[in-house]
Amino acid sequence: MRRTGERAGVRALAIAGAAAVGLSGCQAQSSIIPAHESDPVVVIETASFGEAEIVGHIYGNALLRSGSRVTARPQSGSQAEVLESVTTGDATFTVGFTGELLRAFDPGSTEVEADEVYAAMMAALPEGVTAADPAPAEDAPVYVVTRHTSETRGLQTMSDLAGRCGEFTLGARQEVLMDRELATAVGGTYDCGFGRRVALGPDPRTVFEALRAGEIGVGLVQSTDPILHPDDMVPLDDDEDAVLAQHLVPVFRKGSLSEDQLALVNRISGELTSEDVRELLLGVEFGTSTPTDLANYWLDSHDY
């Protein structure tokens with residue numbers, strides 16, 4: 001399960017308003033474009049969390065707009081259940097994250113860098129299942145400090161923390177602090193063991209509040225947390241690639257997409273960024289936009 005948080009401001013309101021227009025446009029367009037009878041029916045299923053729902057609708061609605069036949073299965077509770085549906089053929093298309101997929105199908109893999117993770121993931125996927133191009137959008141852990149701390153302590157990258165983590169208290173959600181693989185990877189790569197670790201609430205904004213209050217020195221959030229990055233915070237670059245890459249990637253049954261359908265899916269992947277996902281999740285949090293609305297807003301904004 002991924003993150004939720006409180007309502008956010010003007011950008012989310014703009015997304016919500018534009019999304020309503022996008023939805024009606026998509027319905028009208030898909031009703032007059034004839035289906036490509038030679039193309040396979042795409043059966044989409046996604047897990048029940050924000051990124052997966054929105055991104056699944058982005059790919060699915062783009063295929064609908066192009067004239068493809070698309071059906072949606074009821075959402076599953078977990079990514080594992082969705083992958084099982086695609087593996088068995090009950091669904092033909094879903095979205096996942098490269099690092100999670102690699103760990104699911106090759107737990108002993110040691111790759112962490114984006115290109116290597118993707119290649120190893122492709123080799124590890126079950127028989128009959130493959131993946132399209134990964135998106136630049138990534139949902140990976142990010143260490144952050146205040147701009148004041150960055151400037152006074154000379155911190156821009158994780159390497160700048162090497163050997164100095166004991167001077168800082170780390171704050172994050174409880175489940176993130178319990179991620180032993182992350183702690184081991186960062187600790188080994190950057191000689192980093194934090195002096196103290198403080199569990200904070202589920203809203204990622206509590207991390208920034210604790211940083212501003214001086215209650216913690218380093219915070220840990222996700223790269224697609226629905227927060228517009230505040231000017232007083234500095235994300236530390238993982239310059240030695242210690243953190244497992246987690247890029248969004250479409251996963252589908254072999255032979256279930258035509259060449260034209262796959263080309264469209266890959267085009268979308270090439271344009272979908274972490275900033276896009278953050279802003280779309282803000283729209284969900286605002287409370288007036290559905291994942292379908294927001295997917296259509298993104299498609300309209302990118303001329304699909």
Side-chain angles (χ1 to χ4, degrees), residues 1-4 39-64 68-112 114 116-135 137-141 175-176 178-182 222 224 244-258 261-262 264-266 268-269 272 277 281 284 290-292 295:
M1 180 176 179
R2 294 178 186 267
R3 72 229 39 90
T4 59
D39 284 347
V41 177
V42 181
V43 182
I44 297 181
E45 183 176 349
T46 65
S48 299
F49 57 83
E51 297 100 318
E53 294 181 49
I54 296 171
V55 175
H57 282 299
I58 287 175
Y59 288 108
N61 290 358
L63 288 165
L64 276 172
S68 294
R69 294 171 293 163
V70 178
T71 62
R73 281 172 53 83
Q75 290 175 327
S76 294
S78 70
Q79 192 69 51
E81 292 171 311
V82 174
L83 292 171
E84 178 65 18
S85 294
V86 175
T87 300
T88 60
D90 292 332
T92 63
F93 187 99
T94 190
V95 293
F97 297 87
T98 54
E100 287 185 4
L101 290 164
L102 177 58
R103 290 294 183 263
F105 296 112
D106 185 5
S109 173
T110 59
E111 285 83 358
V112 294
E116 295 175 355
V117 167
Y118 176 73
M121 178 209 74
M122 289 292 284
L125 288 173
E127 183 69 25
V129 178
T130 188
D133 293 344
E138 185 177 22
D139 186 23
E175 64 269 25
V176 177
M178 294 175 64
D179 187 340
R180 300 312 306 164
E181 180 181 351
L182 175 64
Q222 294 291 124
T224 56
L244 178 66
Q246 295 284 6
H247 289 272
L248 277 164
V249 64
V251 179
F252 59 96
R253 294 284 305 172
K254 290 181 179 177
S256 68
L257 296 179
S258 69
Q261 288 172 328
L262 180 56
L264 176 59
V265 167
N266 283 336
I268 292 169
S269 291
L272 187 62
V277 176
L281 287 172
V284 171
T290 68
T292 302

Between Ser85 (side chain only) and Asp90 (backbone N and O only), is there a donor and an acceptor less than 3.5 Å apart? no

Under the salt bridge (Lys or Arg N to Asp or Glu O under 4.0 Å) test, residues paired with Arg253 that sit two or more places apart: none

Separation between CZ of Phe105 and CG of Leu83, rounded to the nearest 0.5 Å: 4.5 Å

Measuring from Phe97:CZ to Gln79:CD, what's the distance to the nearest 0.5 Å? 7.0 Å

Please identify each residue that fulfils side chain to side chain contact (heavy atoms under 4.5 Å, CB included) with Ala104, with sequence neighbours left out. none

Between Glu138 (side chain only) and Gln246 (backbone N and O only), is there a donor and an acceptor less than 3.5 Å apart? yes

Let me have the donor-acceptor pairs involving side chains of residues 119-134, under 3.5 Å, with sequence neighbours excluded, atom names and distances please.
none

Ignoring hydrogens and angles, tell me if any N or O in the side chain of Thr94 forms a donor-acceptor pair with the backbone of Glu45 under 3.5 Å. yes

For Glu81, enumerate each residue passing the side chain to side chain donor-acceptor pair (under 3.5 Å) test, keeping only those at least two apart in sequence or located in another chain. Ser78

Nearest 0.5 Å, please: how far is CD1 in Ile54 from CG in Leu281? 4.5 Å

Test of understanding: with side chain to side chain contact (heavy atoms under 4.5 Å, CB included), list the residues that count as partners of Ala62, not counting sequence neighbours. Leu264, Ile268, Leu299

Holding to side chain to side chain donor-acceptor pair (under 3.5 Å), I want the full list of residues that pass it with Thr71, two or more places apart in sequence or in another chain. none

Hits for side chain to side chain donor-acceptor pair (under 3.5 Å) against His57, two or more places apart or cross-chain, chain-then-number order -> Thr292

Would you compute the distance between atom CG of Leu257 and atom OG1 of Thr92 and round it to the nearest 0.5 angstrom? 6.5 Å

Side chain to side chain donor-acceptor pair (under 3.5 Å) with Ser109: which residues, sequence neighbours excluded? Glu111

Rounded to the nearest 0.5 Å, the CG atom of Asp106 sits from the CG atom of Leu101 at a distance of 12.0 Å

Minimum heavy-atom distance between Ala47 and Ala52, given as atom pair plus value: O-CB, 3.7 Å

Counting only N and O atoms by type, is there a donor-acceptor contact under 3.5 Å from the side chain of Glu53 to the main-chain atoms of Thr46? no

Polar side chain donor-acceptor pair, Asp139 to Gln222, under 3.5 angstrom: yes

On a heavy-atom basis, the closest approach of Val277 and Ala137 is CG2-CB, 4.0 Å

Measure the spacing between CG of Leu272 and NE2 of His247 and express it to the nearest 0.5 Å. 11.5 Å

Which residues pass the ring-ring contact (aromatic ring centres under 6.0 Å, His included) test with Phe252, not counting sequence neighbours? none

For Glu181, salt bridge (Lys or Arg N to Asp or Glu O under 4.0 Å) partners two or more places apart: Arg103

Taking all non-hydrogen atoms of both residues, which atom of Ile58 and which atom of Ala295 are closest, and how far apart? N-CB, 3.5 Å

Could you check if a side-chain atom of Val265 sits within less than 4.5 angstrom of a side-chain atom of Phe93, using non-hydrogen atoms only? yes

